[in-house]
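Since the structure comes first, as structure tokens, the remarks are kept for the end.
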Amino acid sequence: SCAILEQLYLPPTGNVVCWGQGNFGQLGNGVNAGSNTPVFAQLPPGAYAVEISVGWDSVCAIIDDGSVICWGVGSEGQLGNGANANSNVPVQVDIPIGRTATSISSGWHSCSVLDDGSAVCWGRGVEGQLGNGANANSNVPLYVSPLSGPAPHHLEVGVGKFHSCSILTDGSATCWGQGTSGQLGNGAAADSNVPVPVNLLVPHPITSISSGVKFTCATFVDGSSECWGYGLWGQLGNSDWFGSLTPVNVDLPSGLESLEISAGEYHACAIMGDGTAMCWGENSNGQLGQGNTNSIGDETDEMGDNLAAVSLGSGRQVLGVSGGQAHTSVILDDGSVKSFGLNDYGQLGKENTSTLGDASNEMGSDLAAIDLGTGLDAATTSLSITTDLVTPTVTFTPVNGTANVSSSANVLIAFNEPVRNTDNSALSDDNIDALITLKDTDASGSDIAFDATINSTKTLITIVPNSNFSSLQT
């Protein structure tokens with residue numbers, strides 16, 4: 001497990017702490033040994049991480065200058081530095097010259113979205129998970145093959161163990177790599193070494209995507225969720241243990257929206273609109289946080305209104321969630337981190353190797369937060385604009401500078417992280433119009449009336465031209 005800390009009063013080694021298994025250097029602290037308490041990874045001097053992803057025995061992070069670093073196992077090129085060797089300290093990934101990274105996700109390979117909307121992958125590629133049309137490993141990043149036709153750009157990537165999926169700027173999704181269990185979501189049980197479109201149930205734009213072992217899940221702008229692929233443990237959340245070659249609806253409690261989703265090995269967890277976290281799928285080690293070892297989602301009457309929120313303490317709100325191999329970690333609104341599930345390597349950060357969440361009296365206020373160090377809190381992506389002072393990456397559709405765009409064409413403004421107003425107030429459909437001006441031809445052209453909306457995760461603004469000015473557009 002790893003976490004990004006707020007950048008106040010931190011040592012020169014940077015703002016990343018890791019804990020758990022470390023025999024291959026995956027803690028990044030210069031030694032090949034595990035730790036059941038957080039230790040600082042040795043980031044390059046003066047560097048601070050803005051996004052991090054923990055894979056299978058390797059870790060990758062985007063740092064504040066837009067470059068990428070990785071550490072841990074490198075035998076199949078997972079570190080992306082041109083070598084096939086492990087490293088117990090971060091090494092620089094050879095992303096294309098002149099490009100910066102905006103999104104990162106790791107499994108047994110890693111993929112990153114770049115600032116021009118392209119995507120690159122490196123590491124294990126035998127199942128086609130690098131997406132470059134080949135079935136071979138690569139120890140340097142390779143460009144993912146573009147989609148056929150007028151392809152949109154990549155916005156966010158979610159890597160599973162042997163497959164990859166991406167949200168595109170038009171709100172759709174594409175996947176590539178191992179597909180024998182339907183985890184590519186295109187209706188076939190076959191691998192693909194190039195991206196294939198996912199057959200989504202609804203046309204609403206995707207807001208988050210995450211891949212586990214042989215399955216994938218996504219959340220949508222309307223608050224719904226869909227999963228596809230392997231489903232033996234109920235990880236598709238549709239009250240069945242059969243898999244699916246195409247997406248199925250996750251049966252969530254009525255009246256609650258899912259905002260963000262994270263897939264573990266065979267379980268999934270979502271942050272809900274009321275600030276709670278809900279989990280389903282395999283639970284043999286208490287990774288669902290229900291105080292038992294009963295899987296959820298593989299039988300009737302376990303999902304929907306019967307799905308209970310994870311108990312994390314009175315009054316606490318969940319800001320971030322991450323599913324691991326057989327454990328789960330959450331970041332709470334007070335900056336603390338709590339973890340539950342399997343703890344055989346100390347991955348719960350509790351100074352022991354005792355599993356938590358599989359028995360009564362282990363969750364809620366009984367589940368203590370991880371000791372990150374005196375005065376140190378975990379930073380989430382949603383807080384990064386105010387805590388890390390790094391400007392979010394913006395992607396325009398149509399691409400900024402495109403000529404001959406119809407004045408009636410929708411305009412999409414996508415961000416790599418949730419955004420807020422300049423005064424740190426929340427953005428909404430009610431106030432977003434006042435912040436936008438739409439002009440004909442150029443900045444001196446006539447005004448174009450429009451209606452703008454922002455999605456629930458505050459990462460996508462959609463501008464729809466129309467014939468009527470709102471009261472805010474004066």
Side-chain angles (χ1 to χ4, degrees), residues 1-18 27-28 38 40-55 58-72 79-80 89-96 98-106 110-120 141 154-159 166-167 207-210 260 262 271 319-322 329 331 335 337 372 376-395 414-420 422 424 457-460:
S1 300
C2 293
I4 296 175
L5 303 180
E6 291 183 344
Q7 296 179 19
L8 300 175
Y9 313 113
L10 292 175
T13 52
N15 63 334
V16 171
V17 291
C18 298
L27 303 188
F40 277 96
Q42 296 180 11
L43 271 60
Y48 289 94
V50 296
E51 186 175 338
I52 195 165
S53 181
V54 177
S58 63
V59 180
C60 292
I62 301 174
I63 56 178
D64 51 344
D65 64 357
S67 62
V68 178
I69 55 175
C70 296
W71 59 94
L79 305 189
V89 295
V91 296
Q92 201 81 28
V93 176
D94 297 332
I95 63 173
R99 299 267 65 93
T100 56
T102 63
S103 172
I104 188 80
S105 185
S106 298
S110 292
C111 293
S112 183
V113 176
L114 304 181
D115 59 329
D116 62 353
S118 63
V120 292
H154 296 275
L155 180 61
E156 180 183 324
V157 66
V159 166
S166 170
I167 303 174
T207 55
S208 72
I209 196 164
S210 185
E260 183 179 336
S262 179
I271 301 175
L319 299 182
V321 65
S322 181
S329 296
I331 301 176
V337 177
L372 298 173
L376 297 180
D377 294 332
T380 67
T381 302
S382 61
L383 299 176
S384 64
I385 293 175
T386 56
T387 60
D388 65 17
L389 304 180
V390 176
T391 303
T393 299
V394 185
T395 303
F415 303 90
N416 68 316
E417 59 186 351
V419 293
R420 298 176 70 85
T422 53
N424 205 35
T457 56
K458 314 303 181 186
T459 57
L460 180 67

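Hydrogens, waters and symmetry mates play no part in the numbers below; they use all other heavy atoms, side chains included. Numbers here are sequence positions counted from 1.
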Worksheet item: What pair of heavy atoms forms the shortest contact from Ile69 to Pro90, and how long is it?
Response: CD1-CB, 3.8 Å
Item to complete: Would you indicate whether the side-chain heavy atoms of Cys111 and Ser105 approach each other to under 4.5 Å?
Response: no
Worksheet item: Quick one: does Glu260's side chain have a donor or acceptor within less than 3.5 Å of a partner on Ser208's backbone?
Response: no
Item to complete: Indicate the atoms forming the closest heavy-atom contact of Trp71 with Leu27, along with that distance.
Response: NE1-C, 3.6 Å
Worksheet item: Closest heavy-atom contact between Val159 and Ser106?
Response: CG1-C, 3.7 Å
Practice prompt. Please assess Ser112 against Ile104 for the test side chain to side chain contact (heavy atoms under 4.5 Å, CB included), listing each intermediate value before the final yes or no.
Written response: CA-CA 4 Å; Ser112 183; Ile104 188 80; 3.9 Å; yes
Worksheet item: Can you list the residues that meet the side chain to side chain contact (heavy atoms under 4.5 Å, CB included) rule with Val54, with sequence neighbours excluded?
Response: Cys2, Val59
Discussion item. Within the structure provided, determine whether Leu43 and Asn15 are in side-chain contact (heavy-atom separation under 4.5 Å).
Written reply: yes
Item to complete: Of all the heavy-atom pairs spanning Ile4 and Val50, show the shortest one and how long it is.
Response: CD1-C, 3.6 Å
Worksheet item: Judged by atom type as modelled, is there a donor-acceptor pair below 3.5 Å linking the side chain of Thr102 to the main-chain atoms of Val113?
Response: yes
Fill in: Closest contact, heavy atoms only, Glu156 versus Thr207
OE1-O, 4.1 Å
Discussion item. Using only atom types and a distance under 3.5 Å, with no angle test, would you say the side chain of Thr100 pairs donor to acceptor with the backbone of Asp115?
Written reply: no
Item to complete: To the nearest 0.5 angstrom, please state how far the CG atom of Leu460 sits from the CZ atom of Phe415.
Response: 8.5 Å
Practice prompt. Please name the pair of heavy atoms, one in Ile62 and one in Ser103, separated by the smallest distance, quoted to 0.1 Å.
Written response: CD1-N, 3.5 Å
